[in-house]
Amino acid sequence: MYRSRIAGIGANVPENVVTNYDLEKMMDTSNEWIVERTGIRERRWVTQPTGAAELAFPACLEAIGDAGVEKKDIDFIIVATITPEHPMPGTSSFLQTLLELPGVPTLDIRVQCSGFVYGLSIADQYIRTGRYKNILLVGVEVQSVGLNLTTEGRDVAVLFGDGAGAVVVSRSDDSSEILSTHLGGDGRYAKELWCEAPIGYKSPRISKEMIDQGKHYPKMNGRQVFKHAVTIFPKVVYTAMRAQNWTIEDVDLVVPHQANIRIIEALAKKLGVGLDKVYSNIHKYGNTTAASIPLALYDALKEGKIKKGSNVILAAFGSGFTWASAAIRW
Ligand code: COA
């Protein structure tokens, strides 16, 4: 068996900054409400038709360079997104074309906010078995074009942002290692945070009537999602800690999916640590779904909060419900 590690990382967000004050002009909301309930102060939204692959492309090039490999060394492309360009084919096909890597296998995974950690688990398995040496894993979302930007959709619209984070997962030849990954889900809660249309079993899949009813917009039972999130986040962190025989003192940084600062604060409280040990950058990007963990990892690395040898736990929870965690020695 081989061991895997995150060998390189890259990020890309749209230049366009949308503040809470900008949202006040679109819907009945306020900066105070958004900051107090979510911790979000601004997010990045694309300003022109920009597909997920296009947004991810610069992040991929940066990750490949950071890993010290070349494009031609990539032997598998995995993309986690719930906002692909088209229902088919997947974003990974478009990304493979931009990367000029014909022939390399591509895989889209749809596990919402848990997508990046699920992807990391898949990449880890392929490296461990020796099947592949360098896997490009991307979390990317273009959420902004799919939101209801009126007062009716405000509970969801203020939360989500666009962005992309990419890593190269490679065979490890030093102490850095993806030590373990842990996945789970409970589909009984699938409709607590979902987007109903286009509907796969109806003809036509999307109609004017569905659009008039707003079925193409994501809908969320915020309180139910919140309740489960604050229970599941600590559980997945403890699962990763137990697998490594770590206590919280052994953990240098927890990097959770950036859903809501109150959920992150509740996680820190449950773990008995301060926010210095549970990373957050939600104030500047909002919830970027599958991109949120790689974007947070990227910022934590740049800020020096993760160093060579750091013990890091990634923790995710999202629509489905799905959840996942990973224990990593950097
Ligand atoms: N601006 C202003 N008011 C808003 C608003 C907005 N953007 N969105 C909702 N409101 C209003 C509601 O209409 C409601 O008004 P009412 O009391 O007159 O009925 C009031 O604010 C309270 O709404 P409520 O839904 O009870 O607020 P909350 O305290 O539960 O916070 C969330 C809402 C969405 C921030 C919170 O439920 C949450 O964070 N849930 C989890 C979301 C999440 O993490 N999703 C992603 C998971 S991966």
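Values in this document were obtained by computation on a predicted structure and should not be read as measured data. We're numbering straight along the sequence, starting at 1. In listed order, ligands and their atoms are each counted from 1.
The protein atom (non-hydrogen) at minimum distance from atom 34 (C) of ligand 1 is M220 CE, 3.7 Å. Here the heavy atom of the protein found nearest to atom 15 (O) of ligand 1 is R154 NH2, 4.3 Å. In terms of protein heavy atoms, atom 41 (C) of ligand 1 is closest to G222 O, 3.6 Å. Looking at atom 46 (C) of ligand 1, its nearest protein heavy atom turns out to be N287 ND2, 3.5 Å. Of the protein's non-hydrogen atoms, the one nearest atom 1 (N) of ligand 1 is T29 OG1, 2.6 Å.
Of all the heavy atoms of M27, none lies under 4.0 Å from any atom of ligand 1, so neither backbone nor side chain is involved. With a heavy-atom cut-off of 4.0 Å, V158 touches ligand 1 through its side chain alone.
Under 4.0 Å is where a charged nitrogen must lie from a carboxylate oxygen, and between D299 and K284 at least one such pair does. No salt bridge links D73 with K133; every basic N to acidic carboxylate O contact stays at or beyond 4.0 Å. Residues E177 and R128 are paired through a salt bridge, judged by an N-O separation under 4.0 Å between the basic side chain and the carboxylate.
Within the 3.5 Å criterion, the main-chain N or O of L101 finds a donor-acceptor partner in the side chain of Q96. Here the side chain of E36 pairs no donor or acceptor atom with the backbone of I34 at under 3.5 angstrom. For N16 (side chain) and T47 (main-chain N/O), no donor-acceptor pair under 3.5 Å exists by modelled atom type. Side chain of D162 to backbone of Q143: a donor-acceptor contact under 3.5 angstrom is found. Checking side-chain atoms of S319 against main-chain N and O of W194 turns up no donor-acceptor pair under 3.5 Å. The closest donor-acceptor contact from the side chain of S207 to the backbone of P204 lies at 3.5 Å or more, if one exists at all. In terms of modelled atom types and a separation under 3.5 Å, the side chain of S325 and the main chain of V236 share a donor-acceptor contact.
Within a 4.0 Å radius of atom 25 (O) of ligand 1, the protein contributes no heavy atom. Protein heavy atoms come within 4.0 Å of atom 3 (N) of ligand 1. Distances from atom 13 (O) of ligand 1 to the protein include at least one heavy-atom value under 4.0 Å. Not a single protein heavy atom sits closer than 4.0 Å to atom 19 (O) of ligand 1. For atom 44 (O) of ligand 1, the nearest protein heavy atom lies under 4.0 Å away.
Between the choices V225, T322, I263, the shortest heavy-atom distance to atom 47 (C) of ligand 1 belongs to V225. If you check each of F226, F321, W33 against atom 23 (O) of ligand 1, the one with the closest non-hydrogen atom is W33. Residue nearest to atom 36 (C) of ligand 1, selected from Q224, R223, R262: R262 (by heavy-atom distance).
In terms of polar-atom proximity, defined here as any N/O pair under 3.5 Å, N260 does make such a contact with ligand 1. Polar contact check, R37 against ligand 1: a nitrogen or oxygen pair lies under 3.5 Å apart.
Heavy-atom distances between H257 and ligand 1 reach below 4.0 Å in at least one pair. Using a 4.0 angstrom heavy-atom cutoff, C113 counts as in contact with ligand 1.
Atoms of ligand 1 lying under 4.0 Å from at least one heavy atom of A259, given by number and element, are 44 (O). Counting the atoms of ligand 1 from 1 in the order shown, those under 4.0 Å from a heavy atom of F317 are 48 (S).
At least one cation-pi condition fails for K219 and Y217: the charged atom is not both under 6.0 angstrom from the six-membered ring centre and inside a 45 degree cone around its axis.
Taking each heavy atom of A59 and A164 in turn, the nearest pair found is CB-O, 4.1 Å.
Here the two rings, on Y189 and H228, have centers that are under 6.0 Å apart.
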